[in-house]
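Since we're looking at a predicted model, the values are computed, not measured.
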Amino acid sequence: MAVAARREPERDSRFWLALVLGVAGPTVWAAAQIADNWNASLSATLWVGVAAGMIVFADTALINRQAWRLAPLLVPYLFIWGLFGWAFSSVPVVPVNEPAATWLGIHIAVAVLTLGLLTVAAVGALASYIQTRALKAKRRGWLSNRLPAAAESDRLSANLLIIAEIILAIGVLTGMVLERAATGRLLVADHKTMMILSAFVIIALLLLGRRLLGVPGQVVARIVLLAYLLVVLGYFGVKFVHQMPII
């Protein structure tokens with residue numbers, strides 16, 4: 001964050017060094033928590049989410065020459081996730097026992113990748129919203145001077161959403177396989193399932209609307225953030241309600 005907040009931030013060696021450290025830290029810590037076996041504790045899930053977000057961001061920054069400018073929004077956001085992960089570290093570990101271990105591994109990998117992609121896509125949508133507001137107000141501030149241009153942020157977010165939607169579809173299918181093995185049913189209408197499915201439908205309609213109707217950028221940003229909120233609530237909110245002793 002400090003490197004991206006420099007007076008004249010650049011995509012230089014200092015940025016890449018800071019990014020490597022930013023990826024390595026949460027990735028090593030998350031791996032240490034799930035080294036023996038995957039567990040569904042809130043703390044472990046949060047740290048895995050931080051690692052996924054940083055890994056996807058690093059890959060995106062390598063491919064897209066403007067994506068690195070999302071750091072002033074993304075890094076503080078994921079830092080807050082890390083603080084919550086640390087705060088909830090005392091919550092008991094929840095072991096995961098599934099009859100279809102291979103499918104479980106695929107499902108977890110798909111879910112983690114989806115979360116990372118949607119995190120960076122949502123930050124890109126937020127950057128587009130901030131830049132559009134700054135243009136309309138004809139007033140640029142510290143943050144808007146560091147973020148990618150509105151059009152670039154919007155394009156980056158859309159590309160990540162397309163990939164995330166494809167992978168999310170795989171996640172839904174693998175989740176159905178696991179549910180079938182565990183209960184004999186393809187779907188259970190619990191809170192997590194309904195939120196994830198709602199997000200999937202919203203993103204699909206959004207992508208279709210962008211292509212056919214040319215939905216305005218600020219509307220797109222709001223819808224992306226809504227879909228992302230549903231995913232975050234599905235992954236983390238349900239765990240919080242189920243695992244916190246005070247609930």
Discussion item. Could you report the tightest heavy-atom contact between Met195 and Gly234, atom names first, then the distance?
Written reply: SD-N, 3.6 Å
Practice prompt. Can you measure from CG (Leu168) to CD1 (Ile196) and round to the nearest 0.5 angstrom?
Written response: 6.5 Å
Worksheet item: Got a second to check how far Thr119's OG1 is from Leu160's CG, nearest 0.5 Å?
Response: 10.5 Å
Worksheet item: Any chain of hydrophobic side-chain contacts (each under 4.5 Å) joining Tyr129 to Leu74?
Response: no
Worksheet item: Rounded to the nearest 0.5 Å, how far does OH of Tyr228 lie from CG of Leu126?
Response: 11.0 Å
Response to the item:
Sorted by chain and number, sequence neighbours left out, side chain to side chain contact (heavy atoms under 4.5 Å, CB included) with Ile202 holds for Ile223, Leu226, Ala227, Leu230
Worksheet item: Do you reckon Phe79 sits in the same ILVMFWY cluster as Phe236, going by side-chain contacts under 4.5 Å, direct or chained?
Response: no
Worksheet item: Are any of the side-chain heavy atoms of Leu70 and Leu156 separated by less than 4.5 Å?
Response: yes
Worksheet item: Where do Val177 and Ile106 land on the side-chain contact (heavy atoms from CB on, under 4.5 Å) test, with the steps shown first?
Response: CA-CA 11 Å; Val177 172; Ile106 296 173; over 6 Å; no
Worksheet item: Are Leu62 and Ile163 co-members of a hydrophobic cluster defined by side-chain heavy atoms under 4.5 Å apart?
Response: yes
Worksheet item: How close do Pro148 and Arg69 get, heavy atom to heavy atom, and via which atoms?
Response: CD-CB, 3.5 Å
Fill in: CZ-CD1 distance between Arg211 and Ile162, expressed to the nearest 0.5 angstrom
8.5 Å
Practice prompt. Not counting sequence neighbours, which residues clear ring-ring contact (aromatic ring centres under 6.0 Å, His included) with Tyr77? List them please.
Written response: Trp81
Fill in: Separation between CG of Leu113 and CD1 of Ile108, rounded to the nearest 0.5 Å
13.5 Å
Item to complete: Using a 4.5 Å cut-off on heavy atoms from C-beta on, say whether the side chain of Ile203 contacts that of Leu118.
Response: yes
Worksheet item: Taking the side chain as C-beta and beyond, is there a heavy-atom pair between Leu173 and Val110 under 4.5 Å?
Response: no
Worksheet item: Heavy-atom distance under 4.5 Å between the side chains of Glu165 and Leu207, does that happen here?
Response: yes
Please output the side-chain donor-acceptor pairs of residues 46-61 that fall under 3.5 Å, not counting sequence neighbours, one pair per line with the distance.
{"from": "Thr60", "atom 1": "OG1", "to": "Val56", "atom 2": "O", "distance (Å)": "2.7"}

Worksheet entry | From Arg210 atom CZ to Leu161 atom CG, the distance as rounded to the nearest 0.5 Å | 8.0 Å
Item to complete: Give a yes or no answer on whether the side chain of Ser157 reaches the backbone of Ala121 with a donor-acceptor pair at less than 3.5 Å.
Response: yes
Worksheet item: How far apart are the closest heavy atoms of Gly124 and Ser153, and which atoms are they?
Response: O-CB, 3.4 Å
Practice prompt. May I ask whether Ile80 and Trp29 are part of the same hydrophobic cluster, defined by side-chain heavy atoms of I, L, V, M, F, W, Y residues being less than 4.5 angstrom apart, directly or through others?
Written response: yes
Discussion item. Ignoring hydrogens and geometry beyond distance, is a side-chain donor-acceptor pair present between Asp154 and Gln131 at under 3.5 Å?
Written reply: no
Discussion item. Applying a strict under-4.5 Å side-chain criterion to I, L, V, M, F, W and Y, I'd like to know whether Leu19 and Ile63 cluster together.
Written reply: no
